[in-house]
Amino acid sequence: MSLQNPVFIPGPTNMPEAVRKACDMPTIDHRSPAFARMFKPAVAGVRRVLNMAEGEVIILPSTGTGGWEAAISNTLSPGDTVLAARFGMFSHRWIDMCQRHGLKVEIIETPWGEGAPLARIEAALKADTAGRIKAVLATHNETATGVVSDIGGIRRALTAAKHDALFFVDGVSSIGSMPFEFTGWGVDIAVAGSQKGFMLPAGLAILGVSPKATAAMETATLPRTFFDFRDMLKSYATGGYPYTPAVGLISGLAKAIEMLEDEGLEAVYARHHRLAEGVRRAVAAWGMTPCAVSADLYSDTITAVVVPPGCNGTDLVKLAAEKYGVAFGVGLGEVAGKVFRIGHLGMLTDVMVLSGLATAEMCMADLGWPIRLGSGVAAAQEYYRGSAGAMAMAAE
Ligand SMILES: *Cc1c(COP(=O)(O)O)cnc(C)c1O
């Protein structure tokens, strides 16, 4: 017998049956018109999810991390300076990657739990009168801390400083579950991955690339071959790839976007907000707090829960996996042990979230943490009960 609980890690996320089926298909020739017929709707769908008025969508066999590498290697040259704030494991890893590629990173150190520091970003851009900064990097949703940053605010900082740096955004754990305004925010490259908001297995890096970023690839000298946008775009013109694409995943991507749009993107975002709010009510009822330091920073796709003094978040994650067969996320880096993370992105309903909250409570009780069984679940139930009708009407 195969028993399967939902997962509550912030990616990979739960997969809808229809998406799994769409990935499972017979072999086709990826140089045939049949592939182009499948590929074009996937590309057009990504364009709509990203809210792109212009630019190119590039889908690479890779993961989000490969998407970062593609973004920098296609647009920058060794020795170039980039500006980035570090406030969690994912913003840290992107910075580390830039350094390993021989880029200079002007790092704005920011406490974990805070978001992109707009005033300091603007000050750094204004101070750069020589135009050394070639790109600004931002993590839209810091998956380590459950913090969402104001991406439009960073674009306003660039505008206020009259700075023409490229603007790259990691949207791996936001895109598809939270609103994303590629054109509205003046993003030059957005990076997503298949296994988060798009509800697919890992295996695709999904990028939106602005005309300004495609122009930069003509002069960028960082080495790249597998990720070279120029080869991709040349092959795209004929509906194909410079190498073998992940055909099944692309078929699944088209299906996933069809599902998101059938629900309605606004309804999808409202659902995630509502699910997240229920989780936050539960956290408050446990007497705990999110790692995000203020309500405007609360992520609708992931909550990092700060555990009580003397407790270890990793113990809860281990126990949940071993005793109950349920996956939560551990704390990473600076917040290892201090938080555990509840992922609430992708295919998820209030009923599924309630099962996760109930499991977390069982683990807390098992570990002797100071909570009362049912307290968080009841707080979420009250909230979901009170808002379910409004959701159903909004979806009609
Ligand atoms: C998951 C994640 C990544 C890394 O993506 P992979 O697909 O694991 O390579 C990068 N950034 C953020 C914000 C993420 O959540």
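Read the numbers this way: they start at 1 and go in the same order the structure lists the ligands and their atoms.
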- Task: Tell me, please: is Gly64 in heavy-atom contact with ligand 1, that is, under 4.0 Å?
- Result: yes
- Task: Check ligand 1 against Thr63 and write out every atom of the ligand that is under 4.0 Å from a heavy-atom position of the residue.
- Result: 6 (P), 7 (O), 9 (O)
- Within a radius of less than 6.0 Å around CZ of Arg230, do more than 12 heavy atoms belonging to other residues, nucleotides or ligands occur? yes
- One finds that the ligand 1 atoms under 4.0 Å from a non-hydrogen atom of Ser173 are 13 (C), 15 (O)
- Query: Is the number of heavy atoms from other residues, nucleotides or ligands within 6.0 Å of NZ (Lys212) greater than 12?
  - Reply: yes
- State whether a side-chain donor-acceptor pair under 3.5 Å links Tyr324 with Asp366. yes
- Kindly say whether the aromatic ring centers of His140 and Phe180 come within a distance under 6.0 Å. yes
- Atom indices of ligand 1, in the order listed, that fall short of 4.0 Å to a heavy atom of Thr143: 12 (C), 13 (C), 14 (C), 15 (O)
- Item | Numbering as shown, the atoms of ligand 1 that approach Thr65 to under 4.0 Å (heavy-atom distance) | 4 (C), 5 (O), 6 (P), 9 (O)
- Message: Below the 3.5 angstrom mark, is there an N/O of Thr139, backbone or side chain, next to an N/O of ligand 1?
- Response: no
- Query: Counting distance only, does the side-chain N/O of Arg47 pair as donor-acceptor with the main-chain N or O of Gly55 below 3.5 Å?
  - Reply: yes
- Query: Hey, are Thr301 and His272 close enough side-chain-wise for a donor-acceptor pair under 3.5 Å?
  - Reply: no
- Hey, is Trp68 one of the residues with a heavy atom under 4.0 angstrom from ligand 1? yes
- Message: Please confirm whether Gln195 approaches ligand 1 to less than 4.0 Å, judged on its heavy atoms.
- Response: yes
- Message: Checking the N or O distance criterion of under 3.5 Å, is ligand 1 in contact with Lys196?
- Response: yes
- Query: Heavy atoms, side chains only, cut-off 4.5 Å: are Lys196 and Ser177 in contact?
  - Reply: no
- Show which atoms of ligand 1 fall inside a sub-4.0 Å distance from at least one heavy-atom site of Asp170. 10 (C), 11 (N), 12 (C), 13 (C)
- Counting each atom of ligand 1 from 1 as listed, which ones have a heavy atom of Asn141 under 4.0 Å away? 13 (C)
- Query: Looking just at side-chain N and O atoms, do Ser387 and Arg274 make a donor-acceptor pair shorter than 3.5 Å?
  - Reply: yes
